[in-house]
Amino acid sequence: MRMFLTVTAVAALAFPAPVAAQKYVILGTGTGGVINAANPLPGLSGFAGSTVSFEFHVDTRASVFTPAAAPGGIGQAGVWGGSVSYGQIILQGSGGLQALNRNANDLGNIFLINDTAVPGNANARLDQATLSSGARIFNSALVQSYDLTGPLAPDVFLSNIAFGRTQVATLPTLPGLLTDLSRPDFAALLTAPGTPAFLSMQFRKGAPTAQNQFAALPTQTLSVGNLNFRIFQVAEVPEPVSWAMLIAGFGLIGAALRRRRGYVTA
């Protein structure tokens, strides 16, 4: 559950979706910022200032809830598994074009924490809703939930990804993003008034076969600022302006891919 306390909030511009939405597509863009690290991962600095495009498909209707330990032993925490059916992130920067594609190992989790402790501030409480995925060790092998395609080294992998919103309040006031851990309307949580949404990706380098090896690997984070995203119900038809924006974005990605293939075959 540590990730709930370490993600960085960044600015976002969101467009409301119907409050009752449970099945929807989230499309967005932003600007990548690479966080300094004691042992920087080779190649990741090439995505500082990169254009980031992302797409997630969320359907919470068949998700299953599992309670979890609340950070600091205060409040509530839990995960709704099986909530995410698709995920893709494209990074386009001076380092080239890097694709991150969700695979069948992803558990499709949305984590919720309600009125939990805030490290270093005994008088504060935290709410957070996060679409989250991460690599893990299972049967002495590294299991990755997103496949990486692009210039990053083959032994660099996505350790975790977090996309969501946080709200902090000072006692006796409690944060109002969540009131309980019931099945989330993630679209409504992303677009409710309050603190902006965040998107961050943590990368590690190595081939661990045990959890202690995993934890000791070099780590570096790419945080996405200037977030702009749209949320569509599956049955909703985007406006012509939205289609134009999406088609233009896909055209840029396609052109970059063609250029990359050209470099490979030259």
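You'll find the side chain of Phe186 reaches within 4.5 Å of the side chain of Ile26, heavy atoms only. Residues Phe65 and Leu112 are not in side-chain contact: their nearest non-hydrogen atoms beyond the backbone lie 4.5 Å or more apart. Two residues are said to be in side-chain contact when any heavy atoms from C-beta on lie closer than 4.5 Å; Leu91 and Leu222 meet this criterion. You'll find the side chain of Trp80 reaches within 4.5 Å of the side chain of Pro184, heavy atoms only. Side-chain contact check for Lys205 versus Leu152: every heavy-atom pair is 4.5 Å or farther apart.
Both Leu178 and Phe163 belong to a common hydrophobic cluster when Ile, Leu, Val, Met, Phe, Trp and Tyr are linked at side-chain heavy-atom distances under 4.5 angstrom. Follow the hydrophobic side-chain contacts under 4.5 Å out from Phe47 and you reach Ile161 in the same cluster. Both Leu148 and Val34 are assigned to one and the same hydrophobic cluster, defined by single-linkage of ILVMFWY side chains at heavy-atom distances under 4.5 Å.
Residues Thr60 and Arg183 come closest through the heavy atom pair O-NH1, 2.8 Å. When all heavy atoms of Asp127 and Pro175 are compared, the closest pair comes out as OD2-O, 3.2 Å. Nearest heavy-atom pair across Pro71 and Ile113 is CD-CG2, 4.3 Å. Of all heavy-atom pairs spanning Ser133 and Tyr146, the tightest one is OG-CE1, 3.7 Å. When all heavy atoms are compared, the tightest approach of Val224 to Met201 is CG2-CE, 3.7 Å. The shortest non-hydrogen separation linking Phe214 to Pro208 is N-CB, 3.6 Å.
The closest donor-acceptor contact from the side chain of Gln220 to the backbone of Ile35 lies under 3.5 Å. Distance alone, capped at 3.5 Å, places no donor-acceptor pair between the Asn226 side chain and the Thr31 backbone. Here the side chain of Arg61 pairs no donor or acceptor atom with the backbone of Lys23 at under 3.5 angstrom. Ser94 contributes a side-chain N or O that, together with a main-chain N or O of Gly46, makes up a donor-acceptor pair within less than 3.5 Å. With hydrogens and angles disregarded, no donor-acceptor distance shorter than 3.5 Å links the side chain of Asn109 to the backbone of Phe111. Asn39 places no side-chain N or O within 3.5 Å of a backbone atom of Ala37 that could act as its donor or acceptor partner. Within the 3.5 Å criterion, the main-chain N or O of Ser145 finds no donor-acceptor partner in the side chain of Asp106. Formation of a donor-acceptor pair under 3.5 Å by the Arg125 side chain with backbone atoms of Leu171 is not found in this model. One N or O on the side chain of Arg165 and one on the backbone of Ala192 form a donor-acceptor pair closer than 3.5 Å. Judged by distance alone, with hydrogens and angles left aside, the side-chain atoms of Thr219 form a donor-acceptor pair with the main-chain N or O of Leu217 at under 3.5 Å.
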Step-by-step side-chain contact (heavy atoms from CB on, under 4.5 Å) determination, Ile137 to Leu142: CA-CA 5 Å; Ile137 300 296; Leu142 176 66; 4.2 Å; yes
Derivation and outcome, side-chain contact (heavy atoms from CB on, under 4.5 Å), residues Phe203 and Leu100: CA-CA 11 Å; Phe203 296 87; Leu100 296 78; 4.0 Å; yes
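Put simply, OG1 on Thr130 and CG on Leu190 are 9.5 Å apart, with the number rounded to the nearest 0.5 Å. Rounded to the nearest 0.5 Å, atoms OG1 (Thr29) and CD (Gln92) are 12.0 Å apart. To the nearest 0.5 Å, atoms CG (Leu177) and CG (Asp115) are separated by 10.5 Å. Residue Ile74 holds its CD1 atom at 12.5 Å from CG of Asn114, rounded to the nearest 0.5 Å. Taking OG1 of Thr116 as the reference point, atom CG of Leu126 lies at 4.0 Å (rounded to 0.5 Å). In this structure, CG in Leu181 is found 11.5 Å from OG1 in Thr66, a value given to the nearest 0.5 Å.
If you run side chain to side chain contact (heavy atoms under 4.5 Å, CB included) between Phe56 and each of Leu27, Val25, Ile89, only Ile89 comes through.
Residue Tyr86 shares its hydrophobic cluster (ILVMFWY side chains chained together at separations under 4.5 Å) with no other residue.
Annotation for Asn212: atom CG counts as buried by contact number, over 12 foreign heavy atoms lying within 6.0 Å.
One side chain, Gln202 or Asn160, offers a donor N or O that lies under 3.5 Å from an acceptor on the other.
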